[in-house]
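See below for the structure under consideration.
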Amino acid sequence: MKISVVGTGYVGLVTGACLAEMGNDVICADNNLVKIENLKKGILPIWEPGLDEIVHRNYSDGRLSFTTDIGYAVLHSGIIFIAVGTPPDEDGSADLQYVLAVASEIALYMNEYKIIVDKSTVPVGTADIVAQVINKGLAERSFEVDFDVVSNPEFLKEGAAVEDFMKPDRVIIGTKSDKSAKVMRDLYAPFCTSSDRIIAMSIRSAEMTKYAANAMLATKISFINEIALLCEKLGADVSEVRNGIGSDSRIGYKFIYPGVGYGGSCFPKDVQALIQMAHQTEVDAKVLLAVEDRNNSQKRVLFDKVVTRFGSDLSGMRFAIWGLSFKPQTDDMREAPSRVIINLLLCAGAEIKVYDPVAMPEAKKVLTPSSAIEFFENQYDALEQVDALLLITEWHQFRNPDFTKMKSAMKSPIIFDGRNQYQPKMLRGVGFEYFSIGRN
Ligand SMILES: NC(=O)c1ccc[n+]([C@@H]2O[C@H](COP(=O)([O-])OP(=O)(O)OC[C@H]3O[C@@H](n4cnc5c(N)ncnc54)[C@H](O)[C@@H]3O)[C@@H](O)[C@H]2O)c1
């Protein structure tokens, strides 16, 4: 099939590369010239396991191409994915300006029947707006042509994006036309050979499914974080509690790890956007508001433990940070809890030594420039003469570090573990003062 993907970011690039991998001809279009020129040279804008390989292979085989010419992409494809960002507007609602700008451009160049696929996460009712914008554009050209707008939200996880796209748990297709439903089923069939995981539904249900999924996962995280705080106060251990409740098949073990709060490009903005949808429809979003509120407080929890231990004036003190990205296996720093924690430490007068296996280039772009932040290429070098270590992102390489080496590098052997990576008893046994989430 001939496909174009407009917006070559996280979702667009993965979508384009994986569709090309199945033999389709894919044009990835983006209005960011630098990004497109880099992709043509083989330089990817994101770090994502396995993505390099399939982008390079499909580009050199000629199934995947890159352009800034959206018109060319529209003219040469029957299916056009819109995969641009939908960042939060000032009030938290999803900003649709990029999606609608692409819809206008599609209308400028549409020459025959096309399927326009909303891949971006968009509020319920957006497909109707996209159709209106395209109809308006066609009317301005005095050109009549049939088209369908389909909702096909993306559920990939950063850090496992390629795997998730190639072997999806489900493919949601929201459409009201049999013709587009069949084309979309055919397109996704190669990704669902072991079992049929394609779920067709109404467009509005498909749009809502994406938000409901992310809000559910965010709710689980905020829930366990609140239970962790209670465990600390009441002398229980949240790891034991997690095991206890996770064994119930109705609950499960996933997404009930306590930590320093959720971040990334999706959960925070999607929960906010859903709250705004509730607001606009006069639904009192009590649960969603609480989920967001808990998460905002949770991002401070590790810092509050530092203050309890050292006092509120941290001037002259040095802290090491292990892990910057919002989760392991990605360099994405969007809404990362590390940003909040680092700002709080800096405001309290501390100096910071940071290490992350892949996210430091991104971190340098987004952290407020400060002479009090030093970046290190080695996790142990970042520990030299620090008063304590804060573990924020649970990269594998932090799971079983050389504690003797750590202890001899640090000024004082104190660890604030935001991801419960170590056993308190063991760490105390080897001479560390150890603080974690919901276990002390
Ligand atoms: N990142 C994720 O893990 C993830 C997962 C599922 C869904 N989503 C959703 O997918 C959408 C895209 O997210 P992302 O993380 O890929 O965003 P991104 O910021 O990484 O990429 C968006 C791309 O769109 C391009 N763009 C913007 N306006 C354009 C225009 N008019 N024409 C051409 N290109 C344009 C930008 O230059 C950028 O490269 C969002 O709605 C997001 O919520 C993201």
Side-chain angles (χ1 to χ4, degrees), residues 4-18 27-39 44-49 51 66-74 80-89 92-109 116-123 126 130 133 151-165 168-172 206-207 209-211 213-215 217-218 262-274 325-327 329-336 362 365-366:
S4 61
V5 182
V6 185
T8 309
Y10 228 108
V11 167
L13 184 59
V14 172
T15 301
C18 291
I27 303 168
C28 278
D30 203 288
N31 60 3
N32 182 329
L33 179 65
V34 176
K35 193 176 264 191
I36 292 299
E37 288 306 317
N38 278 339
L39 279 162
L44 270 59
I46 49 168
W47 186 90
E48 184 64 36
L51 186 60
F66 300 103
T67 184
T68 52
D69 187 344
I70 314 287
Y72 173 85
V74 173
I80 305 157
F81 282 85
I82 303 180
V84 295
T86 46
D89 220 331
S93 60
D95 180 352
L96 287 179
Q97 63 167 306
Y98 307 103
V99 171
L100 300 184
V102 175
S104 297
E105 278 206 82
I106 292 172
L108 274 182
Y109 297 100
I116 291 92
V117 185
D118 285 343
K119 182 57 112 180
S120 300
T121 302
V122 289
T126 300
V130 166
V133 169
S151 168
N152 170 225
E154 182 49 53
F155 295 92
L156 62 78
K157 298 184 288 296
E158 293 187 10
V162 172
E163 208 189 325
D164 285 347
F165 199 97
D169 288 339
R170 78 299 214 184
V171 176
I172 301 288
E207 290 169 335
T209 298
K210 173 65 193 176
Y211 281 104
N214 275 357
L217 296 172
Y262 59 76
S265 67
C266 293
F267 289 4
K269 87 168 169 58
D270 291 349
V271 170
Q272 278 174 32
L274 201 48
S325 52
F326 84 95
K327 68 175 186 178
Q329 299 295 107
T330 177
D331 62 351
D332 201 333
M333 288 292 297
R334 289 178 281 187
E335 303 280 340
E362 274 307 302
K365 291 183 208 160
V366 300

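Each ligand, and each atom within it, is numbered from 1 in the order the structure gives. For the numbers below, each heavy atom of this structure counts, side chains included, while hydrogens, waters and symmetry mates do not.
- In terms of N/O distances under 3.5 Å, ligand 1 is approached by E158.
- Only the side chain of S265 comes within contact range of ligand 1, with a heavy atom under 4.0 Å; no backbone atom does.
- Within the 4.0 Å heavy-atom criterion, the part of R334 lying near ligand 1 is the side chain and not the backbone.
- In terms of protein heavy-atom proximity, atom 16 (O) of ligand 1 is nearest to V11 N, 2.8 Å.
- A distance-only check finds no donor-acceptor pair linking the side chain of S93 to the backbone of D89 [under 3.5 Å].
- Shown here for L51 and I46, the closest heavy-atom pair between the two residues is CD2-CD1, 3.7 Å.
- Counting heavy atoms under 4.0 Å from ligand 1, residue K210 touches it through the side chain alone.
- Annotation: atom 6 (C) of ligand 1 to nearest protein heavy atom, E154 O, 3.2 Å.
- Using a distance-only test at 3.5 Å, with no hydrogens or angles considered, no donor-acceptor pair links the side chain of S120 to the main chain of V122.
- For P45, no heavy-atom contact with ligand 1 is shorter than 4.0 Å.
- Between the side chains of Y10 and T330, at least one donor-acceptor pair of N or O atoms lies under 3.5 Å.
- Scanning the protein for heavy atoms near atom 41 (O) of ligand 1, the closest one is T86 OG1, 2.6 Å.
- Contacts of L156 with ligand 1, taken as heavy-atom pairs under 4.0 Å, involve both backbone and side chain.
- Counting heavy atoms under 4.0 Å from ligand 1, residue I46 does not touch it at all.
- The single protein non-hydrogen atom nearest to atom 20 (O) of ligand 1 is Y10 N, 3.1 Å, given as residue, atom name and distance.
- Among all protein heavy atoms, the one lying closest to atom 37 (O) of ligand 1 is D30 OD1, 2.6 Å.
- For atom 29 (C) of ligand 1, the closest non-hydrogen atom on the protein side is N31 ND2, 3.3 Å.
- Heavy-atom separations between K269 and ligand 1 include at least one value shorter than 4.0 Å.
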